[in-house]
Number of protein chains: 2
Amino acid sequence: MSSPAVSSRDLPHPARDEIRLEGVLHALSDPMRLRIVRELAGARGELSCSDFELPVTKSTTTHHFRVLRESGVIRQVYRGTAKMNGLRRDELDELFPGLMGALLDAAARQAVRWRD
Amino acid sequence: MSSPAVSSRDLPHPARDEIRLEGVLHALSDPMRLRIVRELAGARGELSCSDFELPVTKSTTTHHFRVLRESGVIRQVYRGTAKMNGLRRDELDELFPGLMGALLDAAARQAVRWRD
DNA sequence: GCCGTACTACGATGCCTATCGTACGAGTCG
DNA sequence: CGACTCGTACGATAGGCATCGTAGTACGGC
């Protein structure tokens, strides 16, 4: 009625200053989640949950996206029936300069070395 | 009798090229272990396990050091009755350039912001 | 108003792990 | 040798978590 309201439901995110390094590292220490983040970083713009083809069920996918959101790594917003995901790259760069870059680079190097 | 033998017992370490990013991140996602690594990075040279004053029992301390060693973050070697610990900084820098620097910097920033 | 799609909620399961306490092994020093 | 220190091993415990399946909710289009 009044608010910008791209959608109605919104999801709890930690504020930038509440993001904990340990939480970020824990989130990224799971292969499935690291893969999601790599894909998200590679894509420009947002991706819906179903744009990912992960070798796990949908419930599990939902779980991983929630962990990423609650740790502050990604931002999720509903757009119609789809849930769009985006890396919180700018905020993370303010909080931990160079960290995401180094992490993504490390993941890319490992992917080359292990072909995964 | 013949070998350089700084000590007798030696401990299993992953080779540099076997170190997995996920393992490193998992190791560092525990507050106690992150603390150990920060202290180790700050000290020049090696530190024995008992140089750390951690709010956990000795068994638990042993456990954390083992996780760090097995993930490839630290190198441990016996020197008499003491077990000396050192960051595998050079190898990690070869494998994941800039990663440890960014991680240590991020941890330091967080420590300032949260006084921990 | 109904249907299909996208995602969630909840419960179950099995594994991993952080922690502790106690008992033990390896070295060093007297 | 004997005592002491440093660290390990092992078992127990409690909580966390990655995974699944099924049932359900929200939204958009017809």
Side-chain angles (χ1 to χ4, degrees), chain A residues 1 3-13 20 22-37 40 46-71 73-86, chain B residues 1 3-13 20 22-37 40 46-71 73-86:
Chain A
M1 216 136 0
S3 46
V6 169
S7 170
S8 47
R9 298 169 282 181
D10 24 284
L11 299 152
H13 290 77
R20 292 284 294 176
E22 294 91 328
V24 171
L25 298 185
H26 172 248
L28 297 182
S29 71
D30 180 278
M32 213 61 66
R33 291 193 290 260
L34 186 55
R35 177 168 162 175
I36 290 172
V37 169
L40 221 40
E46 299 170 318
L47 293 176
S48 81
C49 291
S50 54
D51 288 335
F52 294 80
E53 295 202 355
L54 303 173
V56 290
T57 64
K58 273 195 164 192
S59 329
T60 304
T61 300
T62 298
H63 164 69
H64 285 310
F65 276 103
R66 184 175 47 216
V67 173
L68 286 169
R69 170 170 49 82
E70 289 178 347
S71 68
V73 176
I74 67 171
R75 191 169 287 284
Q76 295 191 292
V77 59
Y78 281 104
R79 181 123 56 215
T81 131
K83 194 188 213 171
M84 306 306 291
N85 303 278
Chain B
M1 213 155 342
S3 46
V6 169
S7 168
S8 48
R9 300 169 281 182
D10 26 285
L11 300 151
H13 290 77
R20 291 284 294 178
E22 295 90 328
V24 171
L25 299 184
H26 173 248
L28 298 180
S29 71
D30 181 278
M32 212 60 67
R33 291 193 291 258
L34 186 55
R35 176 169 162 175
I36 291 172
V37 168
L40 221 39
E46 299 171 317
L47 293 176
S48 81
C49 291
S50 54
D51 287 336
F52 295 82
E53 295 203 355
L54 302 173
V56 291
T57 64
K58 276 196 164 189
S59 331
T60 304
T61 300
T62 299
H63 163 70
H64 286 309
F65 276 103
R66 185 176 45 216
V67 172
L68 286 169
R69 171 170 48 81
E70 290 179 345
S71 68
V73 176
I74 67 172
R75 190 169 287 283
Q76 296 191 290
V77 59
Y78 281 105
R79 181 127 51 218
T81 135
K83 193 189 213 169
M84 305 307 291
N85 305 277

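Just so we're on the same page: letters track the sequence lines, and every chain starts at 1.
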Report summary line: Among C:dA6, C:dT17, C:dC20, the one nearest any side-chain atom of B:Val56 is C:dC20
**Report entry** Position toward the 5' end of DNA chain D (nearest nucleotide), A:Met32 or B:Cys49
**Finding:** B:Cys49
Query raised in the report: Who pairs with A:Arg66 by side-chain hydrogen bond (donor to acceptor under 3.5 Å, both in side chains), at least two apart in sequence or on another chain?
Result: none
Query raised in the report: Within less than 4.0 Å of OP1 or OP2 of C:dA18, is there a side-chain N or O belonging to B:Arg33?
Result: yes
Query raised in the report: To the nearest Å, how far apart are A:Phe65 CZ and C:dA6 C1'?
Result: 12 Å
Query raised in the report: How long is the gap from CG on A:Leu54 to CZ on A:Arg33, to the nearest 0.5 Å?
Result: 12.0 Å
Requested in this report: Please state how far atom CG in A:Leu47 lies from atom P in C:dC7, giving the value in whole angstrom units.
Outcome: 11 Å
**Report entry** Rounded distance (Å) that lies between atom C1' of C:dC7 and atom CG of A:Leu11
**Finding:** 11 Å
Query raised in the report: At under 4.0 Å, does any side-chain N or O of A:His63 touch on OP1 or OP2 of C:dC7?
Result: no
Query raised in the report: What residues form a salt bridge (Lys or Arg N to Asp or Glu O under 4.0 Å) with A:Arg75, not counting sequence neighbours?
Result: A:Glu91
Query raised in the report: Please give, in whole Å, the distance from C:dA26 P to B:Asp10 CG?
Result: 14 Å
Requested in this report: Mind checking the CZ-CD1 spacing from A:Phe52 to A:Ile36? Nearest 0.5 Å is all I need.
Outcome: 6.0 Å
Query - Nucleotide of C:dC20, D:dG7, C:dA18 approaching B:Thr60 most closely (side-chain heavy atoms) - result: C:dC20
Query raised in the report: Which part of the nucleic acid, if any, lies within reach of B:Ser59 when heavy atoms closer than 4.0 Å are counted: base, sugar-phosphate only, or nothing?
Result: base
Requested in this report: Tell me which nucleotide among D:dA18, D:dA9, C:dA18 gets nearest to the side chain of B:Arg66.
Outcome: D:dA9
Query - Integer-rounded Å distance: C:dC7 P and A:Ile74 CD1 - result: 12 Å
Report task. Using atom NZ of B:Lys58 as one end and atom C1' of D:dC10 as the other, report the distance to the nearest whole Å. Result -> 18 Å
Query - N/O (side chain, B:His26) to phosphate O (OP1/OP2, C:dC16) under 4.0 Å - result: no
Requested in this report: Classify the nucleic acid contact of B:Ser48 as base, sugar-phosphate or nothing, counting any heavy atom under 4.0 Å across all strands shown.
Outcome: sugar-phosphate
Report summary line: B:Asp30 atom CG is separated from C:dT19 atom C1', nearest whole Å, by 11 Å
Query raised in the report: Which one, C:dC7, C:dC20, C:dT17, comes nearest to the side chain of B:Thr57?
Result: C:dC20
Query raised in the report: Which nucleotide sits closest to the side chain of B:Val67: C:dT28, C:dA18, D:dC20?
Result: C:dA18
Report summary line: In whole angstroms, the gap separating P of D:dG16 from CD of A:Glu22 amounts to 16 Å
Query raised in the report: B:Thr81 has a side chain; which of D:dG7, C:dT17, D:dC6 sits nearest to it?
Result: D:dC6
Query - CG on A:Leu28 to CG on B:Leu28, rounded to 0.5 Å - result: 12.0 Å
Query raised in the report: Can you tell me if B:Asn85 uses its side chain to pair, donor with acceptor, with the backbone of B:Gln76 under 3.5 Å?
Result: no
Report task. Under 4.0 Å between any heavy atoms, over every strand shown, what does A:Thr62 touch: base, sugar-phosphate, or nothing? Just pick one. Result -> base
